[in-house]
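The structure appears right after this line, and notes come after that.
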Amino acid sequence: MNFDEIINRKGTYCTQWDYIEDRFGPGTKDLTPFSISDTDFKCPQEILDTIVERTAHGIFGYSRWNHEDYKGAIKNWYKNRYATEINSDWVVYSPNVIYSISMLLEELLGKNGKVMTHTPRYDGFTKILKPYDLLK
């Protein structure tokens, strides 16, 4: 992987570079956005080759995730990487991380909870915290 190669993603509808003002407000277009987990380096060739191989069949329908092949891969990853046993029932679907954190906060805190955060923080967290009192 070449981390020294500069790839300009401006003008490609890239959230990190093309929508800074949408996220931080007017007059912020010249900010360097360190708040999003995006990368500006090319994916390793091994991954690109695997994607091409996997998509060669040409069928792009929906797939189910709730089966032991999928959950087993997650369980094996945790076992091999962290020597930790994961129960298949612990592996559940989530549309994205922000949604999951939002649901967890609602479950743990209800509507009148308080949350302490530190800045700088990812702007997505700020949006899901609006219903809660922020301890300052």
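None of the values given here were measured: they were computed from a predicted structure.
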Measure the shortest side-chain to side-chain distance between F125 and T117 over non-hydrogen atoms and say whether it is less than 4.5 angstrom.
-> no

When W17 is tested against each of N8, D40, T12 for side-chain hydrogen bond (donor to acceptor under 3.5 Å, both in side chains), which residue passes?
-> D40

In Å, rounded to the nearest 0.5 Å, how long is the span from CD1 of I128 to CG of L105?
-> 5.5 Å

In terms of heavy-atom contacts, does CG of L108 have more than 12 from other residues, nucleotides or ligands at under 6.0 Å?
-> yes

Counting only heavy atoms not in Q45, do more than 12 sit closer than 6.0 Å to its CD atom?
-> yes

Taking the side chain as every heavy atom from C-beta outward, state whether T15 and R23 have any atom pair closer than 4.5 Å.
-> yes

Nearest 0.5 Å please: distance from the CG atom of D22 over to the CZ atom of F24.
-> 10.5 Å

To which residues is Y62 joined in a hydrophobic cluster, defined by side-chain heavy-atom contacts under 4.5 Å among Ile, Leu, Val, Met, Phe, Trp and Tyr, whether direct or through other members?
-> none

Please examine the side chains of K10 and D18, heavy atoms only from C-beta on, and report whether any two atoms are closer than 4.5 Å.
-> yes

Separation of Y78 OH from E85 CD (nearest 0.5 Å) | 13.5 Å

Could you please spell out the steps behind the side-chain hydrogen bond (donor to acceptor under 3.5 Å, both in side chains) verdict for K75 and N87?
-> CA-CA 7 Å; K75 289 167 47 175; N87 184 316; over 6 Å; no

If Ile, Leu, Val, Met, Phe, Trp and Tyr residues are connected whenever their side-chain heavy atoms lie under 4.5 Å apart, and connections chain through other members, are I98 and V115 in the same group?
-> yes

Side chain proximity check, Y93 to N66, heavy atoms < 4.5 angstrom | no

State yes or no: do W90 and Y82 share one hydrophobic cluster built from I, L, V, M, F, W and Y residues joined by side-chain heavy-atom distances below 4.5 Å, directly or via other members?
-> yes

Give the cluster check for Y70 versus W77: same hydrophobic cluster or not, with ILVMFWY residues linked at side-chain heavy-atom distances below 4.5 Å.
-> yes

Y19 meets the ring-ring contact (aromatic ring centres under 6.0 Å, His included) criterion, sequence neighbours left out, with none

Spacing of L104 atom CG and S94 atom OG [to the nearest 0.5 Å] | 10.5 Å

Within 6.0 angstrom of Y13 OH, more than 12 heavy atoms from elsewhere = no

Passes side chain to side chain contact (heavy atoms under 4.5 Å, CB included), W65 versus K71? Steps please.
-> CA-CA 8 Å; W65 64 271; K71 291 181 174 188; 3.6 Å; yes

Identify whether V97 and I74 are in the same connected component of the hydrophobic contact network (ILVMFWY, side-chain heavy atoms under 4.5 Å).
-> no

Contact summary for E68 and S88, nearest pair of heavy atoms | OE1-OG, 2.9 Å

For I7, the hydrophobic cluster (side chain heavy atoms closer than 4.5 Å, chained through members) also holds none

Is a side-chain N or O of T50 found less than 3.5 angstrom from the main chain of E46, in a donor-acceptor match?
-> yes

